[in-house]
**Q** 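Next up is a structure, given as C-alpha coordinates.
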There are 2 protein chains.
Amino acid sequence: MYGALADGSRRTMVDRLSRGPATVKQLAEPLTMSLPAVLQHLRVLEESGLVSSEKVGRVRTCRLQPAALQAAEQWIADRRAGWVSRLDRLEEFLNGEEQ
Amino acid sequence: MYGALADGSRRTMVDRLSRGPATVKQLAEPLTMSLPAVLQHLRVLEESGLVSSEKVGRVRTCRLQPAALQAAEQWIADRRAGWVSRLDRLEEFLNGEEQ
DNA sequence: CTGATGGTTAAGCACTCGCTTAAGTATCCG
DNA sequence: CGGATACTTAAGCGAGTGCTTAACCATCAG
(Lines give C-alpha, C1' and ligand atoms only; values in the text may rest on other atoms or scores of the structure.)
Protein backbone atom coordinates (compact mmCIF):
# COMPACT_ATOMS: atom_id res chain seq x y z
CA MET A 1 0.00 0.00 0.00
CA TYR A 2 2.65 2.50 1.06
CA GLY A 3 5.20 0.56 -0.94
CA ALA A 4 3.02 1.03 -4.00
CA LEU A 5 3.25 4.81 -3.64
CA ALA A 6 6.99 4.68 -2.95
CA ASP A 7 7.83 4.68 -6.66
CA GLY A 8 7.68 7.82 -8.80
CA SER A 9 6.48 6.03 -11.93
CA ARG A 10 3.66 4.48 -9.97
CA ARG A 11 2.69 7.87 -8.56
CA THR A 12 2.57 9.19 -12.13
CA MET A 13 0.19 6.36 -12.99
CA VAL A 14 -2.00 7.09 -9.97
CA ASP A 15 -1.97 10.75 -10.93
CA ARG A 16 -3.15 9.89 -14.44
CA LEU A 17 -5.86 7.58 -13.09
CA SER A 18 -7.07 10.28 -10.71
CA ARG A 19 -8.26 12.10 -13.84
CA GLY A 20 -10.21 9.08 -15.10
CA PRO A 21 -9.79 5.49 -16.33
CA ALA A 22 -7.00 4.68 -18.77
CA THR A 23 -5.68 1.81 -20.85
CA VAL A 24 -2.25 0.30 -20.24
CA LYS A 25 -1.00 2.11 -23.34
CA GLN A 26 -2.24 5.44 -22.01
CA LEU A 27 -0.64 4.81 -18.63
CA ALA A 28 2.65 4.01 -20.35
CA GLU A 29 2.61 7.09 -22.57
CA PRO A 30 4.15 9.68 -20.18
CA LEU A 31 6.63 7.09 -18.88
CA THR A 32 9.98 6.52 -20.59
CA MET A 33 10.02 2.75 -20.21
CA SER A 34 8.94 -0.42 -21.94
CA LEU A 35 5.40 -1.77 -21.77
CA PRO A 36 6.38 -4.84 -19.70
CA ALA A 37 7.81 -2.49 -17.07
CA VAL A 38 4.48 -0.64 -16.92
CA LEU A 39 2.66 -3.96 -16.54
CA GLN A 40 4.85 -4.77 -13.55
CA HIS A 41 4.02 -1.45 -11.90
CA LEU A 42 0.36 -2.01 -12.63
CA ARG A 43 0.51 -5.38 -10.90
CA VAL A 44 1.98 -3.76 -7.77
CA LEU A 45 -0.78 -1.14 -7.79
CA GLU A 46 -3.44 -3.82 -8.20
CA GLU A 47 -2.02 -6.02 -5.44
CA SER A 48 -2.02 -3.01 -3.12
CA GLY A 49 -5.70 -2.49 -3.88
CA LEU A 50 -5.13 1.07 -5.15
CA VAL A 51 -6.09 0.23 -8.71
CA SER A 52 -8.37 -2.27 -10.43
CA SER A 53 -8.52 -3.23 -14.09
CA GLU A 54 -10.54 -5.30 -16.48
CA LYS A 55 -9.86 -6.52 -19.96
CA VAL A 56 -12.34 -6.10 -22.80
CA GLY A 57 -11.23 -7.47 -26.13
CA ARG A 58 -7.52 -6.76 -26.32
CA VAL A 59 -7.68 -3.61 -24.20
CA ARG A 60 -7.18 -3.51 -20.43
CA THR A 61 -8.82 -0.53 -18.75
CA CYS A 62 -7.52 0.59 -15.34
CA ARG A 63 -9.24 2.72 -12.73
CA LEU A 64 -8.50 4.10 -9.28
CA GLN A 65 -9.93 2.50 -6.14
CA PRO A 66 -10.53 5.57 -3.92
CA ALA A 67 -11.31 3.54 -0.79
CA ALA A 68 -7.77 2.16 -0.71
CA LEU A 69 -6.28 5.62 -1.16
CA GLN A 70 -8.43 6.78 1.72
CA ALA A 71 -6.97 4.09 3.98
CA ALA A 72 -3.44 5.41 3.38
CA GLU A 73 -4.62 8.97 3.88
CA GLN A 74 -6.32 8.01 7.14
CA TRP A 75 -3.24 6.29 8.57
CA ILE A 76 -1.13 9.39 7.95
CA ALA A 77 -3.84 11.73 9.23
CA ASP A 78 -4.15 9.71 12.45
CA ARG A 79 -0.42 9.81 13.16
CA ARG A 80 -0.22 13.49 12.41
CA ALA A 81 -3.28 14.28 14.51
CA GLY A 82 -1.79 12.44 17.48
CA TRP A 83 1.37 14.46 17.26
CA VAL A 84 -0.38 17.78 16.72
CA SER A 85 -2.67 17.25 19.71
CA ARG A 86 0.43 16.49 21.76
CA LEU A 87 1.88 19.83 20.64
CA ASP A 88 -1.39 21.47 21.66
CA ARG A 89 -1.20 19.97 25.15
CA LEU A 90 2.41 21.15 25.44
CA GLU A 91 1.38 24.65 24.45
CA GLU A 92 -1.41 24.58 27.02
CA PHE A 93 1.05 23.41 29.65
CA LEU A 94 3.53 26.16 28.78
CA ASN A 95 0.81 28.80 28.88
CA GLY A 96 -0.22 27.55 32.32
CA GLU A 97 3.39 27.73 33.49
CA GLU A 98 3.65 31.41 32.59
CA GLN A 99 1.18 32.55 35.20
CA MET B 1 8.91 10.57 1.51
CA TYR B 2 6.60 7.78 0.36
CA GLY B 3 9.57 5.44 0.24
CA ALA B 4 10.18 6.16 3.91
CA LEU B 5 6.68 4.92 4.77
CA ALA B 6 7.04 1.86 2.55
CA ASP B 7 8.77 -0.13 5.29
CA GLY B 8 6.82 -1.68 8.17
CA SER B 9 9.56 -1.14 10.74
CA ARG B 10 9.71 2.52 9.80
CA ARG B 11 5.93 2.84 10.13
CA THR B 12 6.24 1.33 13.62
CA MET B 13 8.80 4.01 14.44
CA VAL B 14 6.56 6.78 13.09
CA ASP B 15 3.66 5.32 15.08
CA ARG B 16 5.74 5.44 18.26
CA LEU B 17 6.85 9.00 17.54
CA SER B 18 3.26 10.08 16.94
CA ARG B 19 2.77 9.54 20.67
CA GLY B 20 5.72 11.75 21.59
CA PRO B 21 9.52 12.05 21.29
CA ALA B 22 11.66 8.97 21.88
CA THR B 23 15.30 7.95 22.15
CA VAL B 24 16.90 5.57 19.67
CA LYS B 25 16.76 2.84 22.32
CA GLN B 26 13.04 3.38 22.81
CA LEU B 27 12.42 3.31 19.06
CA ALA B 28 14.33 0.03 18.85
CA GLU B 29 12.49 -1.62 21.74
CA PRO B 30 9.39 -2.94 19.88
CA LEU B 31 11.54 -3.92 16.87
CA THR B 32 13.24 -7.31 16.68
CA MET B 33 16.45 -6.07 15.15
CA SER B 34 19.87 -4.75 16.07
CA LEU B 35 20.50 -1.15 17.02
CA PRO B 36 22.54 -0.39 13.86
CA ALA B 37 19.55 -1.48 11.77
CA VAL B 38 17.34 0.97 13.66
CA LEU B 39 19.90 3.71 13.05
CA GLN B 40 19.68 3.03 9.33
CA HIS B 41 15.89 3.32 9.36
CA LEU B 42 16.17 6.51 11.37
CA ARG B 43 18.49 7.97 8.76
CA VAL B 44 15.94 7.23 6.02
CA LEU B 45 13.19 8.91 8.06
CA GLU B 46 15.39 11.95 8.68
CA GLU B 47 16.40 12.26 5.04
CA SER B 48 12.73 12.16 4.05
CA GLY B 49 12.05 15.03 6.47
CA LEU B 50 9.47 13.02 8.43
CA VAL B 51 11.60 12.92 11.58
CA SER B 52 14.23 15.12 13.19
CA SER B 53 16.59 14.30 16.04
CA GLU B 54 19.16 15.94 18.27
CA LYS B 55 21.78 14.50 20.55
CA VAL B 56 22.20 15.63 24.15
CA GLY B 57 24.99 13.91 26.08
CA ARG B 58 24.98 10.33 24.86
CA VAL B 59 21.24 10.26 24.15
CA ARG B 60 19.68 11.04 20.77
CA THR B 61 16.06 12.18 20.97
CA CYS B 62 13.83 11.84 17.90
CA ARG B 63 10.59 13.64 17.11
CA LEU B 64 8.01 13.72 14.33
CA GLN B 65 7.92 16.55 11.77
CA PRO B 66 4.15 16.95 11.18
CA ALA B 67 4.55 19.29 8.18
CA ALA B 68 6.24 16.55 6.15
CA LEU B 69 3.51 14.05 7.03
CA GLN B 70 0.97 16.63 5.94
CA ALA B 71 2.58 16.88 2.50
CA ALA B 72 2.10 13.14 1.93
CA GLU B 73 -1.45 13.31 3.24
CA GLN B 74 -2.21 16.24 0.93
CA TRP B 75 -0.91 14.46 -2.18
CA ILE B 76 -3.13 11.47 -1.51
CA ALA B 77 -6.12 13.65 -0.63
CA ASP B 78 -5.74 15.60 -3.89
CA ARG B 79 -5.65 12.46 -6.05
CA ARG B 80 -8.58 10.94 -4.24
CA ALA B 81 -10.60 14.16 -4.47
CA GLY B 82 -9.99 14.35 -8.22
CA TRP B 83 -11.31 10.87 -8.67
CA VAL B 84 -14.29 11.33 -6.37
CA SER B 85 -15.32 14.55 -8.12
CA ARG B 86 -15.12 12.66 -11.39
CA LEU B 87 -17.54 10.12 -9.98
CA ASP B 88 -19.78 12.99 -8.95
CA ARG B 89 -19.78 14.44 -12.47
CA LEU B 90 -20.55 10.99 -13.87
CA GLU B 91 -23.47 10.68 -11.49
CA GLU B 92 -24.71 14.11 -12.53
CA PHE B 93 -24.42 13.12 -16.17
CA LEU B 94 -26.31 9.87 -15.60
CA ASN B 95 -29.06 11.69 -13.69
CA GLY B 96 -29.34 14.18 -16.55
CA GLU B 97 -29.59 11.30 -19.05
CA GLU B 98 -32.56 9.80 -17.24
CA GLN B 99 -34.89 12.65 -18.05
C1' DC C 1 39.78 5.40 36.73
C1' DT C 2 36.39 1.67 35.50
C1' DG C 3 32.43 -0.42 33.96
C1' DA C 4 28.03 0.13 32.01
C1' DT C 5 25.09 2.60 28.85
C1' DG C 6 23.73 4.64 24.42
C1' DG C 7 24.99 5.32 20.16
C1' DT C 8 27.94 5.02 15.83
C1' DT C 9 30.83 3.19 11.95
C1' DA C 10 32.23 -0.22 8.68
C1' DA C 11 32.03 -4.30 6.05
C1' DG C 12 29.57 -7.80 4.01
C1' DC C 13 25.71 -10.66 2.41
C1' DA C 14 20.99 -12.33 0.86
C1' DC C 15 17.33 -10.66 -1.25
C1' DT C 16 14.24 -7.54 -3.67
C1' DC C 17 13.32 -3.93 -7.26
C1' DG C 18 13.03 -1.76 -11.57
C1' DC C 19 14.20 -2.40 -15.73
C1' DT C 20 15.50 -4.65 -20.09
C1' DT C 21 15.04 -7.74 -24.40
C1' DA C 22 12.99 -11.54 -26.75
C1' DA C 23 9.35 -14.11 -27.77
C1' DG C 24 4.86 -15.11 -27.26
C1' DT C 25 -0.85 -14.66 -27.33
C1' DA C 26 -5.17 -12.63 -28.46
C1' DT C 27 -7.97 -9.43 -30.71
C1' DC C 28 -9.44 -6.19 -34.44
C1' DC C 29 -9.29 -4.27 -39.20
C1' DG C 30 -9.51 -4.55 -44.17
C1' DC D 1 -6.66 -14.73 -44.50
C1' DG D 2 -2.75 -11.36 -43.04
C1' DG D 3 -0.98 -7.51 -40.78
C1' DA D 4 -1.27 -4.24 -37.08
C1' DT D 5 -2.43 -3.43 -32.31
C1' DA D 6 -2.45 -4.30 -27.33
C1' DC D 7 -0.97 -6.61 -24.16
C1' DT D 8 1.55 -10.76 -21.72
C1' DT D 9 5.16 -14.02 -20.21
C1' DA D 10 9.76 -15.32 -19.19
C1' DA D 11 14.46 -14.76 -18.23
C1' DG D 12 18.08 -12.12 -16.64
C1' DC D 13 20.80 -8.26 -14.83
C1' DG D 14 22.66 -4.23 -12.13
C1' DA D 15 21.64 -1.43 -8.32
C1' DG D 16 19.67 -0.75 -4.01
C1' DT D 17 17.64 -2.37 0.59
C1' DG D 18 17.56 -4.41 5.06
C1' DC D 19 19.84 -6.84 7.89
C1' DT D 20 23.85 -8.83 10.38
C1' DT D 21 28.32 -8.90 13.29
C1' DA D 22 32.42 -6.75 15.02
C1' DA D 23 34.64 -3.07 16.60
C1' DC D 24 34.68 1.56 18.30
C1' DC D 25 33.55 6.20 20.63
C1' DA D 26 31.52 9.14 24.12
C1' DT D 27 29.15 9.91 28.29
C1' DC D 28 27.61 9.02 32.99
C1' DA D 29 27.55 6.65 37.66
C1' DG D 30 30.20 5.02 41.36
Side-chain angles (χ1 to χ4, degrees), chain A residues 1-17 19-65 68-69 72 75-76 79, chain B residues 1-17 19-65 68-69 72 75-76 79:
Chain A
M1 160 65 90
Y2 308 88
L5 289 177
D7 183 90
S9 301
R10 251 144 28 211
R11 285 200 299 280
T12 301
M13 292 168 74
V14 168
D15 190 57
R16 169 62 188 80
L17 289 175
R19 293 191 283 278
T23 69
V24 174
K25 194 105 195 288
Q26 289 170 332
L27 282 182
E29 193 247 310
L31 268 26
T32 57
M33 69 179 72
S34 66
L35 215 53
V38 175
L39 258 287
Q40 284 169 18
H41 283 308
L42 180 59
R43 184 169 306 146
V44 172
L45 287 171
E46 290 206 44
E47 277 168 6
S48 78
L50 286 169
V51 168
S52 69
S53 75
E54 60 169 346
K55 196 165 181 178
V56 175
R58 60 184 168 169
V59 176
R60 177 172 296 279
T61 302
C62 313
R63 64 195 69 235
L64 218 53
Q65 219 59 31
L69 261 188
W75 188 89
I76 296 177
R79 299 301 165 299
Chain B
M1 161 65 89
Y2 307 89
L5 288 178
D7 182 90
S9 302
R10 252 144 27 211
R11 284 200 301 278
T12 301
M13 292 168 73
V14 168
D15 189 56
R16 169 63 188 83
L17 289 174
R19 293 191 284 278
T23 69
V24 174
K25 194 101 193 290
Q26 289 171 331
L27 282 183
E29 193 247 310
L31 267 27
T32 59
M33 67 178 72
S34 66
L35 214 53
V38 175
L39 257 288
Q40 283 171 18
H41 283 307
L42 180 59
R43 183 169 306 145
V44 173
L45 287 171
E46 291 206 45
E47 277 168 7
S48 78
L50 287 170
V51 168
S52 69
S53 75
E54 59 169 348
K55 197 167 180 177
V56 176
R58 59 183 168 171
V59 176
R60 176 172 297 278
T61 302
C62 313
R63 65 195 69 237
L64 217 55
Q65 220 59 31
L69 262 189
W75 188 89
I76 296 178
R79 298 303 166 297

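Convention: sequence-line order gives letters A, B, ...; per-chain numbering from 1.
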**Q** Can you find a donor-acceptor N/O pair under 3.5 angstrom joining the side chain of A:Gln40 to the base of C:dC17?
**A** no
**Q** Without decimals, in angstroms, what is the distance between B:Leu42 CG and C:dT9 C1'?
**A** 15 Å
**Q** How long is the line joining NZ of A:Lys55 and C1' of C:dA26, in whole Å?
**A**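 Those two atoms, NZ and C1', are 7 Å apart.
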**Q** Of the candidate nucleotides D:dT8, D:dT20, D:dC19, which contains the atom at the shortest distance from the side chain of A:Leu39?
**A**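 The nucleotide sitting nearest to the side chain is D:dT8.
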**Q** C:dT8 C1' sits how many Å from B:Met33 CE, rounded?
**A** 17 Å
**Q** In whole angstrom, give the distance that lies between atom CG of B:Leu45 and atom C1' of D:dT17.
**A** 14 Å
**Q** Can you tell me how far apart CG (B:Leu5) and CH2 (A:Trp75) are? Round to the nearest 0.5 Å.
**A** 5.5 Å
**Q** Distance check: side-chain N/O of B:His41 vs OP1/OP2 of D:dT17, anything under 4.0 Å?
**A** no
**Q** By nearest atom, which of the nucleotides C:dT20, D:dT20, D:dT8 is closest to the A:Arg60 side chain?
**A** D:dT8
**Q** Between B:Leu35 (CG) and C:dT8 (P), how many Å, whole number?
**A**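 The distance from CG of B:Leu35 to P of C:dT8 comes to 8 Å, rounded to the nearest Å.
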**Q** Rounding to a whole Å, what distance do you find between A:Met13:CE and C:dC19:P?
**A**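 After rounding, the gap between these two atoms is 10 Å.
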**Q** What's the shortest heavy-atom distance between A:Arg10 and A:Ala4, and which atoms?
**A** NE-O, 2.9 Å
**Q** How many whole angstroms separate atom CG of A:Leu5 from atom P of C:dG18?
**A** 12 Å
**Q** Under 4.0 Å between a side-chain N or O of B:Ser34 and OP1 or OP2 of D:dT20?
**A**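 Yes.
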**Q** Does the side chain of A:Met13 reach to within under 4.5 Å of the side chain of A:Leu45, using non-hydrogen atoms?
**A**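 Yes, side chains in contact.
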**Q** Closest-nucleotide mapping onto DNA chain C: is A:Thr32 or A:Gly57 further toward the 5' terminus? I mean the 5' end.
**A** A:Thr32
**Q** Does A:Arg43 place a side-chain N or O at less than 4.0 Å from the phosphate oxygens OP1/OP2 of D:dT9?
**A** yes
**Q** Using a 4.5 Å cut-off on heavy atoms from C-beta on, say whether the side chain of A:Met33 contacts that of A:His41.
**A**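 A side-chain contact exists here, since the closest heavy-atom pair is under 4.5 Å.
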**Q** What's the CZ-P distance between B:Arg58 and D:dT27, to the nearest Å?
**A**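 Interatomic distance, CZ of B:Arg58 to P of D:dT27: 10 Å.
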**Q** Where is the tightest heavy-atom contact between B:Glu46 and B:Ser53, given as atom of each residue plus distance?
**A** OE2-OG, 2.8 Å
**Q** With nearest nucleotides of DNA chain C determined for B:Gln26 and A:Val44 from heavy-atom distances, which residue corresponds to the more 5′ nucleotide?
**A** B:Gln26
**Q** Consider the side chain of B:Lys25, meaning its heavy atoms from C-beta on, and name the nucleotide among D:dA22, C:dG6, D:dC19 that approaches it most closely.
**A** C:dG6
